[in-house]
Number of protein chains: 2
Amino acid sequence: MPPAAQVDGIFRALSDPTRRHVLERLSRSPASVSELAQPYKMALPSFLEHLRVLEGCGLVSSRKQGRVRTYQLAPDRLKLAEDWLGRQRTMWERRLDRLDSYLMAMKEEETE
Amino acid sequence: MPPAAQVDGIFRALSDPTRRHVLERLSRSPASVSELAQPYKMALPSFLEHLRVLEGCGLVSSRKQGRVRTYQLAPDRLKLAEDWLGRQRTMWERRLDRLDSYLMAMKEEETE
DNA sequence: GAAAAACTTAGGTCAATACCTAAGTATTTG
DNA sequence: CAAATACTTAGGTATTGACCTAAGTTTTTC
């Protein structure tokens, strides 16, 4: 999978509040499907789909022991999203800097 | 709009490569619709929809002068996404610092 | 003032998402 | 081993998303 497509999937996954909430929950500790589902009034199969999306883009991983499937975070994936945002930020900051110096120059000229 | 819904929209907007590309382009300088559309083989109305999504969630703003509409970044909105990711990251890192033996075990098995 | 430029609007297809209910399949547990 | 638990699969609906073509509208330009 090309990295751009991976980033697509990660941002897509993060665009749903249920999924973000699950990630927040998992940042405290791993948890089973039913533990994760418990706060939501959603039907279980619907909720499972969210977990599948999170696992599909690599933000979480799961393992089944007996009849219980346990999910946990896979933190390295979040970096892809963070990296993109970080790059963006430095770019637009650079741009604002340029704008700044442009405005400064304007001001200089103005006061001459 | 509740902040969670705003974050939804921003992540959703970022999940499309065309839209991310447009943001990257705009981090260099403001640009007109046709300048922005030029690199893509997509029909103009389709492309415009992407711009509408970006403007809808506040990542860019636009203004029309004569027959030309010019878009520019609205950098403060990216912060909402960055902030969520940042908070997440510190939580995840805190959790990883605890180095649960459980998590270690899972990781071991995962890499098998 | 007709034609070109730069969008804009209208409307249509097709696939993917986010839900649902109902009926499975494994795994414990009593 | 029957019943309960913990998912899982199958299949259905309704909305939204990402594209398209065709036909506007509003400036500019010649």
Pairs involving residues 43-70 of chain A, ordered by first then second residue, that meet ring-ring contact (aromatic ring centres under 6.0 Å, His included) (sequence neighbours left out): A:Y40-A:F47
Check ion pair B:D16-A:R12 (N to O, under 4.0 angstrom): no
N-O pairing of B:R52 and B:E49 below 4.0 Å: yes
Could you check how far [atom1] of [X] sits from [atom2] of [N], rounded to whole Å?
X     : N      : atom1 : atom2 : value
A:Q65 : C:dT28 : CD    : P     : 10 Å
B:L36 : C:dT8  : CG    : P     : 12 Å
A:E35 : D:dA6  : CD    : C1'   : 12 Å
B:L48 : D:dC20 : CG    : P     : 12 Å

What does the list of N/O pairs under 3.5 Å between the protein and nucleotides 1-5 of chain C look like, with a distance for each?
residue: C:dA5; atom: O4'; partner: B:R67; partner atom: NH1; Å: 3.2
residue: C:dA5; atom: N3; partner: B:R67; partner atom: NH1; Å: 3.2

Counting only side-chain N and O atoms of [X], is one of them less than 4.0 Å from OP1 or OP2 of [N]?
X     : N     : answer
B:S32 : C:dA6 : no
A:K64 : D:dT8 : yes
B:R69 : C:dT8 : yes

Polar side-chain atom of A:R25 near backbone of A:S29 as donor-acceptor pair, under 3.5 Å: yes
Side chain A:R19, main chain A:L51, donor-acceptor under 3.5 Å: no
Return the polar atom pairs (N/O with N/O) between nucleotides 10-20 of chain C and the protein under 3.5 Å, or none.
residue: C:dT17; atom: O3'; partner: A:R12; partner atom: NH2; Å: 3.0
residue: C:dA18; atom: OP1; partner: A:R19; partner atom: NH2; Å: 3.4
residue: C:dA18; atom: OP2; partner: A:R19; partner atom: NH1; Å: 3.2
residue: C:dC19; atom: OP2; partner: A:H50; partner atom: NE2; Å: 2.8
residue: C:dC20; atom: OP1; partner: A:A43; partner atom: N; Å: 3.3
residue: C:dC20; atom: OP2; partner: A:A43; partner atom: N; Å: 2.9
residue: C:dC20; atom: OP2; partner: A:S46; partner atom: OG; Å: 2.4

No-hydrogen, no-angle side-chain donor-acceptor test under 3.5 Å, A:R69 and A:S62: yes
Side chain proximity check, A:L26 to A:L54, heavy atoms < 4.5 angstrom: no
4.5 Å side-chain heavy-atom contact, A:S61 and A:Q72: yes
